[in-house]
Structures are given as C-alpha cells and as structure tokens.
Amino acid sequence: MTFQAYLDNIKAKTGKDPEDFRVLAADKGLLAPGVKAGEIVAWLKADFALGHGHAMAIVGTITAADQPKISREAELAKHFTGRKDQWRQPFDVLMDKAGRFGPDVMAQPGASYISLLRRGKKFAIVQTGANHLDVGIKLKDVEATERLGVAGSWNAMVTHRVRITEQGQVDAELLGWLRGAYDRA
C-alpha cells in the first residue's frame with residue numbers, strides 16, 4: 001500500500017486529511033516540543049479508531065509539516081555518503097537505463113532504500129551498502145536463479161534481490177528483470 005493510499009483510507013474513514021489532524025493535534029498541545037509520537041498515536045487510536053500504521057502515517061505528516069523541506073536530490077544523496085559513494089555512478093547508470101522504459105519511471109528516496117516507481121507504484125528498490133548495491137525487484141511467479149535470488153526476509157516489498165558488487169554489473173540481464181517488473185507495475 002502506498003503512503004497516499006494510507007492517507008486516502010484515513011480520509012474515507014474519518015473525513016479528515018492530514019492538515020485537519022495537524023490543527024486538532026495543535027489544539028490538544030500534541031505538537032509542542034517534547035511530545036512523543038506514541039502520545040499522538042494513542043490519541044489517534046482512541047479518538048479516531050485508527051490502526052497503528054494509519055496513525056503513524058498521520059504522525060509523519062503532521063510532525064513533518066513544520067520541518068524544513070529537503071530536496072529530493074539531497075534525500076537521494078544521503079544514500080551515497082561515505083564508503084557508499086562508490087555506488088552513486090552505478091545507480092545513475094541504472095536510473096538512466098530504467099528511465100528508457102518510459103517517462104513514468106521515478107526514484108523516490110526513503111530512509112533505508114530508494115523506491116523505483118511507475119506511476120507511483122513500486123516495482124523495485126535499491127539499497128546501498130559499503131561493499132554492494134542491492135536491487136530488489138517485484139517479479140511474482142518468476143523462478144529464482146543464482147543471480148536473481150529470493151528476497152526472503154531482506155525486504156518484504158519485493159520478491160527477488162540482485163546484489164551488485166562490481167561497477168559493471170548493471171547489465172542487460174538486470175535491466176531485463178527490472179523491465180519485467182516495470183511492465184507488471
């Protein structure tokens with residue numbers, strides 16, 4: 001489920017959008033310095049019968065509203081700091097080639113990985129490590145191979161994982177798997 005789907009479900013259930021919740025939370029003093037997310041979650045669960053995940057989505061939107069905005073490029077750059085900087089060039093190559101699938105390919109950086117999206121729907125993820133770049137791919141009903149491993153507990157958002165340990169491994173085989181996931185998204 002996308003983050004926007006969470007917000008849409010909350011709006012359908014409560015009739016309120018994140019800005020409405022922000023105003024209500026401010027009125028209750030829940031946006032004051034030192035207020036923990038758990039206090040806001042407890043309020044949302046008690047007063048609006050939201051589940052934990054939905055409540056956390058609202059917490060994220062209402063507490064982030066007053067934070068300085070960070071550019072998408074700055075968020076992306078966070079994934080390539082320190083020893084991980086060696087993976088920026090292979091990632092850029094991957095994005096350049098994946099961008100040829102269609103004009104709707106987008107990289108959306110998150111806290112621990114970068115989502116590859118088609119029209120807002122995730123078809124793959126990229127996670128950097130000091131010694132590797134992991135590419136997770138959504139390919140249901142595709143048999144695993146030695147290189148296209150099962151994602152398993154690594155990340156439940158994808159079915160397979162390809163580990164890149166050398167710059168030249170962003171190749172036609174990997175792009176073929178990504179194209180398959182893109183086409184299914």
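What you are looking at is a predicted structure, and each value in this text was computed from that prediction instead of being measured. The first residue in the sequence is number 1, and the count goes up from there.
- The shortest non-hydrogen separation linking L44 to A55 is CD1-O, 3.5 Å.
- No side-chain donor-acceptor contact under 3.5 Å links D134 and Y113.
- Partner of F91 under the side-chain contact (heavy atoms from CB on, under 4.5 Å) criterion, chosen from L76, V170, D96: L76.
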*Kindly indicate, with the supporting measurements, whether the criterion salt bridge (charged side-chain N to carboxylate O under 4.0 Å, His left out) is fulfilled by R72 and E75.*
CA-CA 5 Å; R72 191 177 76 74; E75 287 289 334; over 6 Å; no

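- For the pair I125/W154, a side-chain contact is recorded, criterion being any heavy-atom separation below 4.5 Å from C-beta on.
- Of the possible polar contacts, one joining the T128 side chain to the H79 backbone as a donor-acceptor pair under 3.5 Å is found.
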_Verdict with reasoning, R184 to K138, per side chain to side chain contact (heavy atoms under 4.5 Å, CB included)_ = CA-CA 9 Å; R184 294 174 183 201; K138 282 187 168 185; over 6 Å; no

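- I164 and F80 fall within the same hydrophobic cluster, defined by Ile, Leu, Val, Met, Phe, Trp and Tyr side-chain heavy atoms under 4.5 Å apart, directly or through other members.
- Electrostatic pairing of E73 and R88 counts as a salt bridge here, judged by a charged N lying under 4.0 Å from a carboxylate O.
- Between L178 and V135, some side-chain heavy-atom pair lies under the 4.5 Å cut-off.
- Side chain to side chain, W87 and Q167 fail the donor-acceptor criterion of an N or O pair below 3.5 Å.
- A cation-pi arrangement is not found for R118 relative to F123, the charged atom failing to lie both closer than 6.0 Å to the ring centre and inside a 45° cone about the ring normal.
- Taking each heavy atom of F101 and L175 in turn, the nearest pair found is CZ-O, 3.6 Å.
- By the 4.5 Å heavy-atom criterion applied to side chains, M106 and Q108 are counted as neighbours.
- The side-chain contact (heavy atoms from CB on, under 4.5 Å) check on D171 picks up R147, E173, L174, with sequence neighbours excluded.
- By the rule that hydrophobic residues join a cluster once side-chain heavy atoms approach within less than 4.5 Å of another member, V158 and V126 end up as members of separate clusters.
- Hydrophobic clustering of Ile, Leu, Val, Met, Phe, Trp and Tyr side chains at less than 4.5 Å, counting indirect connections, unites L50 with F3.
- Heavy atoms of other residues, nucleotides or ligands lying less than 6.0 angstrom from NZ of K121 number 12 at most.
- Residue G99 comes nearest to V105 through the heavy atom pair CA-CB, 4.2 Å, listed as atom of the first residue, atom of the second, then distance.
- Atom CH2 of W43 is separated from atom CG of L30 by 6.0 Å, given to the nearest 0.5 angstrom.
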(message) Using side chain to side chain contact (heavy atoms under 4.5 Å, CB included), reason through I137 and R161 one step at a time and then give a plain yes or no.
(response) CA-CA 6 Å; I137 307 170; R161 173 172 62 174; over 6 Å; no

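- Looking at heavy atoms from C-beta onward, K16 lies out of side-chain contact with K11 at the 4.5 angstrom threshold.
- The shortest side-chain heavy-atom distance between H54 and N9 falls under the 4.5 Å cut-off.
- In terms of heavy atoms, R119 sits closest to A185 at NH2-O, 3.7 Å.
- Residues I58 and L24 share a single hydrophobic cluster, defined by chaining ILVMFWY side chains whose heavy atoms lie under 4.5 Å apart.
- Closest approach of V150 to A144, counting heavy atoms only: CG2-CB, 3.6 Å.
- Counting only heavy atoms from C-beta outward, the side chains of T61 and R22 never approach each other to under 4.5 Å.
- Rounding to the nearest 0.5 Å gives a distance of 6.5 Å between CZ of F21 and CD1 of I10.
- Residues I62 and A25 approach most closely at CD1-CB, 3.8 Å, considering heavy atoms.
- Residues D104 and L117 fail the side-chain proximity criterion, which asks for heavy atoms closer than 4.5 Å.
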Check: side chain to side chain contact (heavy atoms under 4.5 Å, CB included) between V59 and V41: does it pass, once the steps are laid out?
Finding: CA-CA 7 Å; V59 168; V41 167; 3.8 Å; yes

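- You'll find the side chain of N131 stays beyond 4.5 Å of the side chain of T165, heavy atoms only.
- Proximity of a side-chain donor or acceptor of H160 to a complementary backbone N or O of V142 within less than 3.5 Å is detected.
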